[in-house]
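So that the names make sense, note that chain A is the first sequence line, chain B the second, and so on, each numbered from 1.
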Amino acid sequence: MQEEYNVSALQEKWLPVWDQIKPFDSSNPEDSRPKKYVLDMFPYPSGDLHMGHAEAYALGDVIARYWIQRGYNVMHPIGWDAFGLPAENAAIKRGLDPRNWTYENIDQQKSSMRRYACSFDWDRVLQTCDPIYYSWNQWLFLQFYRRGLAYRKNSNVNWCPSCQTVLANEQVVNGLCERCDTQVTKKALTQWYFKVTDYADRLLDDLKTLEGNWPSKVLTMQRNWIGRSYGANLTFEIEGRAEPIEVYSTRPDTLFGATFMVVAADSDLASELAAGSSAEVRTQFHSYLEKTKKANDIERLSTDREKTGVFLERYAINPLNGERLPIWVSDYVLADYGTGAIMGVPAHDERDIEFAKAMGIEIRMVVDTGEEDPAKSFVATVGDGVMVNSGELDGLTKADAIEKAIELLQEKGSGKKAKNYRLRDWLISRQRYWGTPIPIIHCDKCGEVEVPEDQLPVELPPTEGLDLQPKGTSPLGAASDWVNVDCPKCGAAAKRDSDTMDTFVDSSWYFLRYLNPGSEEVAFDPEMAKEWAPVDQYVGGVTHAILHLLYSRFFTKVLFDMKLVDFEEPFTRLLNQGMVLMNGQAMSKSRGNLVRLSEQLDEHGVDAVRLTMAFAGPPEDDIDWADVSPAASSKFLARAWRVAQDVTSEVGSDDKAGDKAVRSATHAFLKSFEESIEGFKFNVGVAKCMELTNTLRKAIDSGCGPQDQAVREGAEELAKALSLFAPYTAEDMWSLLGHEPSVAKAKLRSVDESLLVRQTLTAVAQVDGKLRDKFEVSTTITEDELRELVMNSDAVKRALEGKEAKNIIVRAPKLVNISTK
RNA sequence: GCCCCGAUAGCCCAAUGGCAGAGGCAGGCGACUUAAAAUCGCCACAGUGUGGGUUCGAGUCCCACUCGGGGCACCA
C-alpha cells in the first residue's frame, strides 16, 4: 500500500523515539570510538530561535552527524550565554526578575531546538547564569588575579551613557556602543582589567598554527586588532624637567627630521608640562583639554579633520643632534598608545605634516625617496629611500638606517628597540546587575581581599528591593545585606566589589565546561579535557571574529600556563556561516522583512527548512531567503522518500548481486558526497543526493526495477546521507527500508573503487583549445592511438583547413589539442 | 584612503588549468486524469562583469578597471 509523504506526521513519529534511544549521547566512558568535539556557538536567549540560528545549527549539525556516520564518538553540546543586558533591560521594562525572562526564553529555545532535531547531547547543557557555572567564572578570576592577570586601575574608559556602563574597546564600534548605538564617551573610573596584553605576542604568533583551518579573513582581523609594530623608544631631555620623556617611533631613522614633539592632550604628562608654563599657555591648554574631552570618537576619528593643538612654550632636546624641539599638545596623539607622546617628523609622516602645515612648523626632508621635497609639495613621503641631512645615517636605506639609529641611540643611552600593540587590556567591570559578581572584598585596612574559594560562588542577591535602573553605579552596591561583609583577612567591616563581569568572560571558557557541566568540584576535568579538547570544529558567525575568539584564545593560553590544558588554541577548525537575509537586507522588525522561523517550520517542516539552509549555497555565503525555495526542498524530500518506499528487496541481501550501473552511480555518489561534506560544500552534497535520487527513480521506473539489490543499496546510502540535512525524512526512509533506528548511527558504506573504474570514456579533440570532435575510447588507449584517431577526424581536418598543425598536445585518454599558432 | 572577498543561464548555484552544467527554482512540451493538483518524463536557455597578459589550452593563474559586499582607518 503506497502512502503519502507527510512531514508533520514524521516529526511526531520520530521525535519521541529519539528521546528514548538518545542517539547523540557522548557520555559512555566505555565507548571506544575515536572522539571528535563539534561545537556551535551558544545562543543568547533573547526570545525564540530565529532564521539565523536555524542556519547555524543546520550547518553545525551536518558536520556533527557526518562524523558520527564516519564512526566517531561526537560530542556536540549546547548551552546558553545567559547573562547580559537584554535580560536586564527587559526585566526593568516589565518590573520582573531577569531570571524569569532568561529561563523562560531558554525553555522556549530548548524546545525549538529539539523540534529542529539538532544532534545535541542533551545531557551536556549549561547556562552561564546558573550559580554552578558562574561560580567557576569567579574561581578563574581568582586564579588570574593571583597570576597578576587581573588588576584594577584608574583610567579614562569607554562609557555608554545609555547602558550606563563601561565598555571594552572591542565593544566600541565606530565610536558607538555595540549594543545600543549610542555615542560612547570617556569617563575616569577605577575598573578591573584582564592583562591580555601580556599574551599579545602569543595571540599573534599562534595565529600561524590556525592557517588553513580558520577563515583567512578572521586571522587577518585578529592580526590587525592586535596590531604589533616594531620600532624604538627614544629618550628626549626636557628643558626645565628633571626626568626625560620617552617617545615611541617606528621610524627612528627619521630622527634628524624631527621638528617638534607632540604630547597627547589628555595625558598626565600634558597637564604636568602645561603647569610649568606661562599663565596664558595654561589657560589655552585647559580650554583645549576641555574640548578634547567633549569630542567623541566619531569627531575624533574623522580623517579630514583639521589638526589642532597648543604650543606649551617648552622644549625637548633631540638626542642625536641636540636641537631644541618645541613641545605641543594635540588630540591626534593618543594617551594610551606607546608613551602618549611622539616626535613630529612632518616630512615623512602624513599626520605630522598635516599638523606642521596647520601650525607653520618647519618640514625637513631626511629621506630622499625620489619624490618631490615634502617641504615644497606638502605631501609626506613615507616610502623607502636614501637618508640625507642625517649625519652618520646619510646614504643608508630605511632598514639599515633604523638599525644604525637605534645603535647610535643605544650608545648614548637614549634609546632602545621597542615594540607596541594596538591591543589594550580587557576591561571586564560592568556596572550592571545581571552578570557574575567579582569575587573581591574591599577592606579599608587590607585593601583588595580575595573571597576565599570555599565561599564561592558569590551569588547574586535577589532583585527584591534593588533598583536595576541604570544609574552609573552597580545596582549591587545598594544591596546592603549583600555588600557589607567582614573582611576575610582581618574581620573588620568591609564591602564586596559590586561590579559584575563582562559576559564575554562567561563565553571565554564555556567550551571546557561542557566536559562536565554539573561538576561542583572543578571548572572542568583536565582528564576529560585531554580526551576531548580542543574543539575539533567550531561553527558560528563571523560577528565574533575578534571579541569572543580572541578572549577564548587568551583564556586557553592562560589555562595552558596553569597546566590545566595541554593545548594553546581552543578551536582547531572554524567555520563561519553567513547570514540569512530577506530581499538583500538583514531581517528586522523595523524593516518589515522579518521571516519567522516558526512559521517556516509550520509551513514546510523542519527537514525542508534545514535542507534549504544547506542547499542554498556555500555555508559562508549569505542566504537570501527570497532566492531559495523551502517548498522545492520539501518536494525533493518527498521524491527521495518515495524511492525508499518503492524498494521491494529484502534487508541484508547481497550488494554484489545488484545492477552494475546503479551500483557505480551509488559508489560514485559516496565518493563525491564525502568530498563535498569534508570540504564544507554542503550545497554540492545535497545536489549529489538529488542526482542519486534521480538515478534511483529511473532505475525503479524504467531500469533494473524496484526489486534489484542495487536500488536498495542506493536507497540506504541516500537515507544515511540525507540524515545530515533532513533527519526526520531520513529516519523514516531507513525504517521503510526495514532498519531499526537510528539512521544517524548507521555507518556509510565504504566506497568500492572497483565500481568506479571505467572501461571507456569520452575523449575530446581540440583545435586551438576549441572543441572539434569527441570519441568514445578505451581508458587504456595509448597516446599514439589517440593522436591518430584525432588526426583522422573529419571535423578536425575541416578545422585545420588552410592551417598548419604546429604543436600537438596529447593527454591520453582524455584529450588532444592541436595548435596552429 | 588601505586591505580582503565576490561577479557563470531569467534566478540560486556547480565546474583537480582540459567538452561551460552537477543540482535546484522559475519557464515550455508530453504522459497519467473527465479536469485539475500531485506524480513521471522530455526540452530550451549563457560562453563566465570589462580590457589586457601567461599558456598548446583560462570561468579557473597574473595585471588593470567597473560594480557589489565586508574589514580597518590619526596606533606614531
Side-chain angles (χ1 to χ4, degrees), chain A residues 4-5 174 215-221 223-225 227-229 231 234 247-252 254 262 264 300-305 307 330-334 336-345 348-352 354-355 382 420-424 542 545-546 578 584 611-612 615-618 620-624 626-629 631-633 635-636 638-639 642 669 672 675-676 681 683-694 697-698 700-702 762-774 805-811 814-821:
Chain A
E4 291 290 314
Y5 174 75
N174 293 325
S216 53
K217 186 179 156 184
V218 175
L219 297 177
T220 305
M221 284 166 76
R223 285 194 181 105
N224 291 341
W225 189 262
R228 180 168 60 198
S229 75
L234 320 181
V247 151
Y248 174 72
S249 174
T250 53
R251 295 292 305 273
T254 62
V262 184
R300 223 175 51 75
L301 292 177
S302 146
T303 41
D304 47 355
R305 187 157 155 268
K307 292 273 185 290
S330 176
D331 60 4
Y332 87 92
V333 172
L334 307 175
D336 59 352
Y337 181 80
T339 60
I342 61 149
M343 63 178 197
V345 184
H348 308 294
D349 182 280
E350 285 168 18
R351 297 148 301 186
D352 293 347
E354 290 304 314
F355 189 76
V382 299
N420 253 303
Y421 307 90
R422 219 189 74 114
L423 182 73
R424 307 292 148 83
V542 74
I546 296 173
L611 186 80
T612 303
F615 185 52
E620 58 276 11
D621 286 7
D622 290 345
I623 298 172
D624 193 329
D627 288 338
V628 296
S629 172
S633 299
K635 202 173 108 180
F636 159 68
R639 186 170 157 88
R642 281 192 299 273
F669 161 78
S672 58
E675 285 166 4
S676 302
K681 293 190 283 190
N683 53 329
V684 179
V686 174
K688 297 295 169 197
C689 291
M690 292 172 167
E691 197 180 6
L692 179 62
T693 305
N694 292 343
R697 179 78 263 152
K698 234 173 259 181
I700 291 167
D701 291 346
S702 54
T762 307
V764 296
Q766 298 176 339
V767 176
D768 292 328
K770 287 200 173 61
L771 176 70
R772 293 302 178 194
D773 207 352
K774 296 183 190 184
K806 292 216 172 121
N807 192 2
I808 303 176
I809 309 291
V810 184
R811 294 279 180 273
K814 282 165 69 179
L815 174 136
V816 175
N817 187 26
I818 302 160
S819 166
T820 65
K821 286 171 222 160

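If you measure from atom CD1 of A/I546 to atom C1' of B/C4, you get 14 Å, rounded to the nearest angstrom. Distance A/L219 CG to B/C4 C1': 12 Å, rounded to the nearest Å. For A/D331 and B/C74, the CG to C1' distance is 9 Å, given to the nearest whole Å. The distance between atom CG of A/D621 and atom P of B/G70, rounded to the nearest whole Å, is 14 Å. Taking atom CE on A/M221 and atom C1' on B/A73, their separation rounds to 14 Å, with Å as the unit. As a whole-Å value, the separation of A/R697 CZ from B/A31 C1' is 15 Å. For the pair A/R251 CZ and B/C74 P, the interatomic distance rounds to 20 Å; values are reported in whole Å. Remark: P of B/C13 and CG of A/L611 are 16 Å apart, rounded to the nearest angstrom.
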Filtered N/O pairs between nucleotides 43-48 of chain B and protein, under 3.5 Å:
none

Can you give me the N/O atom pairs linking the protein to nucleotides 17-19 of chain B at distances under 3.5 Å, or say none if there are none?
residue, atom, partner, partner atom, Å
B/G18, O6, A/R811, NE, 3.4
B/G18, N2, A/Q766, OE1, 3.2
B/G18, N2, A/N817, ND2, 3.2
B/C19, O2, A/K774, NZ, 2.5

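For the P atoms, the distance from B/U66 to B/C56 is 32 Å, rounded to whole Å. B/G21 and B/G10: their P atoms are spaced 16 Å apart (whole Å). B/G70 sits 47 Å from B/G30 when the P atoms are compared, rounded to a whole Å. Nucleotides B/C61 and B/C19 have their P atoms positioned 16 Å apart, rounded to a whole Å. For the C1' atom pair drawn from B/C67 and B/U54, the interatomic distance equals 26 Å after rounding to whole Å. Rounded to a whole angstrom, the distance from the C1' atom of B/C45 to that of B/C11 is 13 Å. Atom name C1', nucleotides B/U8 and B/A46: the rounded distance is 8 Å, in whole Å. Here the separation of B/A22 from B/U50, taken at their C1' atoms, is 29 Å to the nearest Å.
Remark on RNA chain B: of its neighbouring residues A/V628 and A/K217, the 5'-side contact belongs to A/V628, judged by nearest-heavy-atom nucleotide. The residue among A/G617 and A/G338 whose nearest nucleotide of RNA chain B is located toward the 5' end is A/G617.
Of the side-chain N and O atoms in A/Y337, one or more sit less than 4.0 angstrom from OP1 or OP2 of B/A76. Side-chain nitrogen and oxygen atoms of A/R422 include none within less than 4.0 Å of the OP1 or OP2 phosphate oxygen of B/A76. Contact annotation: A/K635 does not reach the phosphate of B/G24 (side-chain N/O to OP1 or OP2, under 4.0 Å). A sub-4.0 Å separation between OP1 or OP2 of B/A73 and a side-chain N or O of A/N224 is absent. Side-chain N/O atoms of A/S229 include one lying less than 4.0 angstrom from OP1 or OP2 on B/A76.
Listed candidates were B/C56, B/A76, B/G23. Nearest to the side chain of A/N807 is B/C56. For A/K698, the listed nucleotide lying nearest its side chain is B/C42; candidates were B/C12, B/C42, B/A76. Side chain of A/M690, nearest nucleotide from B/A14, B/G24, B/C40: B/G24. The side chain of A/K681 lies closest to B/A15 when the candidates are B/A15, B/C56, B/A76. Side-chain proximity of A/S819 to B/C13, B/C74, B/C56: nearest is B/C56. Distance from the side chain of A/R639 is smallest for B/G41 among the nucleotides B/A76, B/G41, B/G23. Considering only the side chain of A/N683, B/C13 comes nearest among B/C56, B/C13, B/A76. Comparing atom distances between the A/A687 side chain and each of B/C25, B/G70, B/G23 picks out B/G23 as nearest.
Scanning all heavy atoms of the two residues, the minimum distance from A/A616 to A/V628 falls at CB-CG1, 3.7 Å. Considering all non-hydrogen atoms of both residues, A/S633 and A/L611 come closest at CB-CD2, 3.6 Å. For A/V684 against A/S676, the heavy-atom pair with the smallest separation is CG1-OG, 3.5 Å. Nearest approach of A/V345 to A/D352, heavy atoms of both residues: N-OD2, 2.9 Å.
Rounding to the nearest 0.5 Å gives a distance of 11.5 Å between CZ of A/R228 and CG of A/L423. For the atom pair CG (A/D773) and CD (A/Q766), the distance works out to 12.0 Å, reported to the nearest 0.5 Å. In this structure, the separation between CZ on A/F615 and CD1 on A/I623 is 11.5 Å, given to the nearest 0.5 Å. Separation of atoms CZ (A/R424) and CH2 (A/W225) is listed at 9.0 Å; rounding is to 0.5 Å.
Summarising the base pairing, B/G57 is matched to no nucleotide, lacking a Watson-Crick or G-U wobble pair whose two defining distances lie under 3.5 Å. With a 3.5 Å ceiling on both atom-pair distances, the Watson-Crick or G-U wobble partner of B/C2 is B/G71. Here B/C45 sits opposite no nucleotide as a Watson-Crick or G-U wobble pair (both hydrogen-bonding atom distances under 3.5 Å). In this structure B/C40 sits in a base pair with B/G30, meeting the Watson-Crick or G-U test at under 3.5 Å. Base pairing of B/A22: no nucleotide in any strand meets the Watson-Crick or G-U wobble criterion (both distances under 3.5 Å). Pair assignment for B/G51 gives B/C63, based on Watson-Crick or G-U wobble hydrogen-bonding distances that are each under 3.5 Å.
In this structure, A/D349 does not pair ionically with A/R251, as no charged nitrogen and carboxylate oxygen lie closer than 4.0 Å.
Counting any heavy atom pair closer than 4.0 Å across all strands shown, A/N694 reaches sugar-phosphate atoms only and no base atom. Residue contacts shown for A/S249 are limited to sugar-phosphate atoms, with no base heavy atom under 4.0 Å away. Among the protein residues, A/F615 comes within range of the nucleic acid bases, having at least one heavy atom under 4.0 Å from a base atom.
At least one donor-acceptor pair under 3.5 Å links the side chain of A/D624 to the backbone N or O of A/G584. A/N420 places no side-chain N or O within 3.5 Å of a backbone atom of A/S229 that could act as its donor or acceptor partner.
With its glycosidic angle within 90° of 0, B/G47 is assigned syn.
Between A/Y337 and A/Y248, the ring planes lie perpendicular to each other; the angle is over 60°, past the 30° to 60° tilted range.
No more than 12 heavy-atom neighbours from other residues, nucleotides or ligands sit within 6.0 angstrom of CD on A/E350.
In summary, the side chains of A/N224 and A/R422 do not present any donor paired with an acceptor at a separation below 3.5 Å, with no hydrogens or angles considered.
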